[in-house]
Enquirer: 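Quick one: the structure is below, questions incoming.
All chains are named by letter (A, B, ...) in the order of the sequence lines, taking the proteins before the strands, and each is independently numbered beginning at 1.
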Amino acid sequence: MTTSLSPESLPNRFDHAEACPRLYAWWQSQDLFAADPSRDRRPFTIVIPPPNVTGALHLGHALNNSLQDILIRMKRMQGFETLWMPGTDHAGIATQAVVERRLKEEENLTRHELGRDALVARIWQWKDQYEARIIGQLKQMGCSCDWRRTRFTLDDVCARAVRTTFFDLFRQGLIYRGKRLVNWDTFLQTAVSDDEVSHEEVKGHFWHFRYPVIDPRPGEPTHVTIATTRPETMLGDTAVAIHPDPAAALDAAEANLQDRLTRAAAKERGELLEQIEAIRARRRTMLPALEQLRDMALAGRRLMLPLVDRPIPLVADPWAKPELGSGCVKITPAHDPNDYEVGQRCGLPMVNILNPDGTLNANAGPYQGQTIAAARKRVVADLEALGLLEAVEDRLIELAHSDRSKTPIEPYLADQWFIKMDSLATAAMQAVVEERVRIVPQRYAKGYLDWLGEKRDWPVSRQLWWGHQIPVWSKRVAAAERASLDRQIRALCEANPAATMQWEGADDTAVVPGAQTAGASDQTAAVASLHVCLKQDDPTTIATLESWGLERSPEVLDTWFSSALWPHSTLGWPERTAELEFFYPTSVLITSRDIITLWVARMVLMGLNNLGEAPFSEVFIHPKILDGYGETMSKSKGNGIDPLDVIDKFGPDALRFGMAHLTTETQDVRMPVQFECPHCQTLIEQTKKNRELPRIDCPKCGQPFATQWARNGEDRDLARGAVVSERFEVARNFCNKLWNAARFALIHLDDYAPAPVSDDQLTLEDRWVLSRLATVAEQATAALESYRYADAARGLYDFAWDEFCSFYVEMLKNRLSHADQRAVAQRILAHTLDVLLRLLHPLIPFITEEIWQLLGRVAPQRGLVAPQPTALSIMTAPWPQVDAARQDPAIEAQFARFQAVLGALREIRSRQNIPPKRPIEFAVRCDDRTADLLRPMQPYFLTMAGAAAIAWGPNVQPPATEAAVTLADMDVLVDLKDFIDVAAEIARNEKLAQRLCEQIAGKESKLATPSFVDRAPANIVQRERDALTQLSEQLTATRAVLENLRKMGA
RNA sequence: GGGCGAUUAGCUCAGUUGGUUAGAGCGCUGCCCUUACAAGGCAGAAGUCACAGGUUCGAGUCCUGUAUCGCCCACCA
């Protein structure tokens, strides 16, 4: 790689738009990202949390991937054989929904009209497009993934891992068929997962209905009252429940409240007391009626379900809560998970009333064909007409909406494949408890353990087309047929180890949309289902199975199933590949907290099951990025930031450094968002109001620009305003500072000649900067190794800016102009910059590489003691060793003295408004040692503060007209000659004296407290005494100065 | 309902095991286009560390409670 620029003609800005793609392409051409398991080094592995191919990456991804690349790059420099495994996730429902929606919008087609194969082909096209875009974004961010190994959760390698795992679990008996309430999206006609459902509070009603009792006996109620927020579901009711022991349940409820009362805060007590009182009132007024209803239930009394005129039983079940409502609850087993449980316990039939498109089916009798909303109205009206509507309350209801289609979710029960979690979860919990998997920050381990501790079986089937199709062939078999089929299949499985079978018990309550009523009596018919799982798509076996009437499940697996295998499927498992042997288990997983359970826990569980070893030893959970209002960023809200907008404006290094700078141990990070006017670059604060506008008029230049909401042609033709955050300015400015410091170095290293340097040639500032550098290297390394990214970024920032640039480089300006000092100065400069670049490289890879290349041209041989040739790329340069011998607290303390005097001089200059070019004279009253130390620094006072020293030592006489700054143990006295602003100086000193008095008073009272003097550690007490002495001396000196000034003023 | 977290300068955030006078960046004020950098330099103003108790010789830091905000999980006939 060559650059034709000479150092003097380097631009004063790093041109990231030009340089970054060039550098990235060069890294790739040199194979610097490639991981090779045959190399004799220690492995360090990270698997990327595969981004969904749903769309482009957002700022959360930018954070996540920056943090991974930072670690990867440091480890690579530390000599590890480093693999960062890239890839993307097929993201089941999310991707299918996006493609389906486009299909509808652009071609007005549904997926059923297009057909399964064609739809899947469309989604593959979408995937190719977005995978390319995502990988492009990662590359622009500088991510050093081994791209040759890029995987996709639906590719052949991953598919094989999925098949193998599913088959294995199936054979172990850990996969079974069961019922689960699904969130049915009637628009997309598919089930959606819980995390794709958002709950909104809407105004709704709570209806109280009365169901007539069939043939009430004397003294019995004629009606039973129930309440519901979803009246139309009454068409699917198959019972009304009453608690089997209302008195005991009331006692239990009261005991529970009493227990809470003992722990409750004062504010909550009133409410609890009210509730207790309500229960007591119920015991007095309602208990007899409830017990009567219970007796009726036990006696087998039935109710007449109105509108469809279906007799339904009154059942006794503890799900009914006597402390709530009427004490009776309607039971709709096909549309409510709790009701389903009741149905199971009481042997109730299930009546599904819903078609897949959200209209009511034949089970709804006269309401068949109506939409839910229409049916709801009519059910209420019809019940009212019958005089069975007892009351209507207004109530806020949490209504579930599908994130994908924005339509209300309808819950109903469907057959699903489940994974038994008991043993798998226990193993995954142990891995964390025993710290074989360490979660950082540790507080997140609790959520992981709690979630796994519930051991809720994992429903893994989805009614989708995009995903790994479940490799199970099934048939419902009548009792008569069972024995012969069993014999056939059993023989087949014995002959073929890649086939395994399972009977599903006498379960005839399967409910699918549109299914007819399944009566309780059917259960006795003992129709069982036979399931055969195949490890491979072996055409002969499939043909055989199909000839026997088995059909493959149309369903696909939950997308998290394939994600759970990611750490080993990407390495080629179930093959024992060299990669798997070498790189598994991986080193660390870096992700955000919202998928600790969905993903992290399942990876641990599957890794343990498939390989007997957890997939990683550490999990780092990074913060979440919120907008300026503390809301999560999302494209649908309009407050999301595209990392490419940030890269365009600030550059990829600034994006990464900014991300690291934000990554503290907190769980959230706020990032106020601005629009950038494309005409005048003004930043316009994004508000909740303007973030949804299609166009915005720039308040500065008045010109309009488009936002992501631009829909009509006129708006779309406008220039688009980027959405950015000024929180990246710090990082951008830092990169610029570094670039210019490097420019200074390059300009002054033109005659660099590598020669050994001995310690006695080093000046105070050399020793100081080397000491600081060693400390910073140590701290930055420790910080990055323990995921304290912000500490690393801040430490390096402070050193580079405040110490290297503001002091060391400034001081070099003198020495470089002296021929006899130039060579040593150049050596230390080149060395310091070299080490600093290497420390910064993981954070800001592009700019450090560019400088590294340029530095290599003027100073190819660097090193503190003996010159050494440097690496071709900074990526392969060794990580700086911590040079403990260079750490010198004494030198740092001495340098601090110099800095203090310099600061005092600058303060006086500024206070007195002395023109910058006008030199001043000063004296320092201090002890002899300090004087000896500071005397050689005279040239620096001249160049850095425009101040010439006229005297040093304990007995210097103050100049006639002075301004003074009193430091810890010395006075800096400036001769102000004719330009003193006496009044200003008096005011300043008065203020200072007052502050000193306050501090002295504080210290004195502290030291006068016997308990402090007696009980605090001696060193602390001594420190207070020393401080008091020093403050008193400062006060005396300040008063003397004041007196002098007042004389002058008079 | 359960859990987790936050509250420090106008804004965004640091603040190690409790111990001198609580820091940074942005913004603000003043001076400077000083030959690496105006995306810069020098200096300055700005804080009742959310509130109330407690522990301690000593609390931004530890404990309890309150308020506000946020996130996760569960549930709501």
Side-chain angles (χ1 to χ4, degrees), chain A residues 10 12-13 206 208 226-230 233 240-241 260 265-267 319-321 324-332 336 338-339 397-398 443-444 446-447 450-451 454 593-594 596-597 624 626 628-632 650 654 661-662 664 666-672 725-727 729-748 790-791 794 797-798 802 805-806 809-810 813 903 906-911 913-917 943-946 995-996 998-999 1002-1003 1006 1009-1017 1019-1021 1023-1024 1026-1028 1030-1031:
Chain A
L10 286 171
N12 65 357
R13 294 269 189 276
F206 199 45
H208 299 255
I226 54 91
T228 182
T229 54
R230 296 168 64 210
T233 61
V240 167
R260 276 173 54 195
K267 196 188 71 171
W319 167 242
K321 306 282 180 245
L324 292 175
S326 67
C328 293
V329 57
K330 65 195 269 305
I331 302 297
T332 323
D336 182 284
N338 292 306
D339 291 5
I397 301 171
E398 294 260 301
R443 62 174 178 272
Y444 293 113
K446 186 173 163 44
D450 287 352
W451 187 80
E454 289 181 31
R593 68 174 181 279
D594 36 13
I596 293 174
T597 52
K624 247 183 115 139
L626 309 176
Y629 296 99
E631 296 180 14
T632 47
F650 298 107
H661 204 257
L662 302 170
T664 58
T666 53
Q667 55 178 20
D668 297 313
V669 167
R670 267 181 197 226
M671 181 167 283
S725 176
E726 63 193 358
R727 291 202 65 186
E729 281 180 7
V730 182
R732 190 260 323 256
N733 294 354
F734 175 68
C735 291
N736 183 240
K737 187 75 177 174
L738 180 71
W739 175 254
N740 281 292
R743 214 157 66 99
F744 171 87
L746 294 167
I747 290 168
H748 291 95
D791 285 352
R794 285 166 215 247
Y797 179 101
D798 290 344
D802 299 335
C805 289
S806 293
V809 166
E810 285 307 316
K813 286 176 180 173
R906 285 168 165 176
E907 188 188 337
I908 291 169
R909 288 198 72 112
S910 180
R911 291 278 179 203
N913 270 324
I914 300 170
K917 285 182 179 129
T943 53
M944 295 171 79
R995 213 175 64 209
L996 286 168
E998 283 163 13
Q999 284 166 12
K1003 295 265 180 263
K1006 197 171 190 178
T1009 312
S1011 54
F1012 172 67
V1013 183
D1014 295 346
R1015 307 184 66 161
N1019 62 324
I1020 298 291
V1021 176
R1023 201 195 292 174
E1024 290 295 305
D1026 293 348
L1028 178 59
Q1030 217 167 73
L1031 287 168

Enquirer: Between the side chains of A:T664 and A:T666, is a donor N or O closer than 3.5 angstrom to an acceptor N or O?
Expert: yes
Enquirer: NA contact type, A:I226, heavy-atom cut-off 4.0 Å: base, sugar-phosphate, or nothing?
Expert: nothing
Enquirer: Give A:V669 one of three labels, base, sugar-phosphate or nothing, depending on what nucleic acid heavy atoms sit under 4.0 Å from its own.
Expert: sugar-phosphate
Enquirer: Just call it for A:K737: base, sugar-phosphate, or nothing, with non-hydrogen atoms closer than 4.0 Å on any strand.
Expert: base
Enquirer: Do any side-chain nitrogens or oxygens of A:T666 fall under 4.0 Å of OP1 or OP2 in B:A14?
Expert: yes
Enquirer: Check every strand shown and say whether A:R230 touches a base, only sugar-phosphate, or nothing at a heavy-atom separation below 4.0 Å.
Expert: nothing
Enquirer: So that I can tick it off, tell me whether A:D798 and A:R794 are bridged by a salt bridge, with the cut-off set at under 4.0 angstrom between side-chain N and carboxylate O.
Expert: no
Enquirer: If the P atom of B:A9 is compared with that of B:U61, how far apart are they to the nearest Å?
Expert: 15 Å
Enquirer: Between A:R743 and B:A36, is there a side-chain N or O to OP1/OP2 distance below 4.0 Å?
Expert: no
Enquirer: Within the structure shown, what part of the strands sits under 4.0 Å from A:C328 by heavy-atom distance: base, sugar-phosphate, or nothing?
Expert: base
Enquirer: Please classify the nucleic acid contact of A:W451 as base, sugar-phosphate, or nothing, using heavy-atom distances under 4.0 Å.
Expert: nothing
Enquirer: Any ion pair linking A:R593 and A:D668 (charged N to carboxylate O, less than 4.0 Å)?
Expert: yes
Enquirer: NA contact type, A:K917, heavy-atom cut-off 4.0 Å: base, sugar-phosphate, or nothing?
Expert: nothing
Enquirer: Please measure how far the C1' atom in B:G25 lies from the corresponding atom in B:G19, and state the result in whole Å.
Expert: 28 Å
Enquirer: Base, sugar-phosphate alone, or nothing: which one does A:R443 contact when heavy atoms must sit under 4.0 Å apart?
Expert: sugar-phosphate
Enquirer: So for A:R906 and B:A43, does any side-chain atom that can act as donor or acceptor lie under 3.5 Å from a complementary atom in the base?
Expert: no
Enquirer: Tell me, which stems hold RNA chain B, with a stem being 3 or more Watson-Crick or G-U pairs in a row and both distances under 3.5 Å?
Expert: B:1-7 with B:67-73, B:10-13 with B:23-26, B:28-32 with B:40-44, B:50-54 with B:62-66
Enquirer: With a 3.5 Å cut-off and just heavy-atom distances, do the side chain of A:R13 and the base of B:A39 make a donor-acceptor pair?
Expert: yes
Enquirer: Have a look at A:S326 and say if it touches a base, only the backbone sugar-phosphate, or nothing, with a 4.0 Å heavy-atom cut-off.
Expert: nothing
Enquirer: Across the strands shown, which category fits A:P1010 at heavy-atom distances under 4.0 angstrom: base, sugar-phosphate, nothing?
Expert: nothing
Enquirer: Reckon A:T597 touches a base, only the sugar-phosphate, or nothing at all at heavy-atom distances under 4.0 Å?
Expert: nothing
Enquirer: For the residue pair A:C328 and A:V240, what are the closest heavy atoms and their distance?
Expert: CB-CG1, 3.9 Å
Enquirer: Examine B:A38: is either OP1 or OP2 under 4.0 Å from a nitrogen or oxygen in the side chain of A:N736? Give yes or no.
Expert: no
Enquirer: RNA chain B: A:D450 or A:D668, which has the more 5' nearest nucleotide?
Expert: A:D450
Enquirer: Between A:A241 and A:A320, which heavy-atom pair has the shortest distance, and what is it?
Expert: O-CB, 3.6 Å
Enquirer: Using a heavy-atom cut-off of under 4.0 Å over every strand shown, decide if A:N338 touches base, sugar-phosphate, or nothing.
Expert: sugar-phosphate
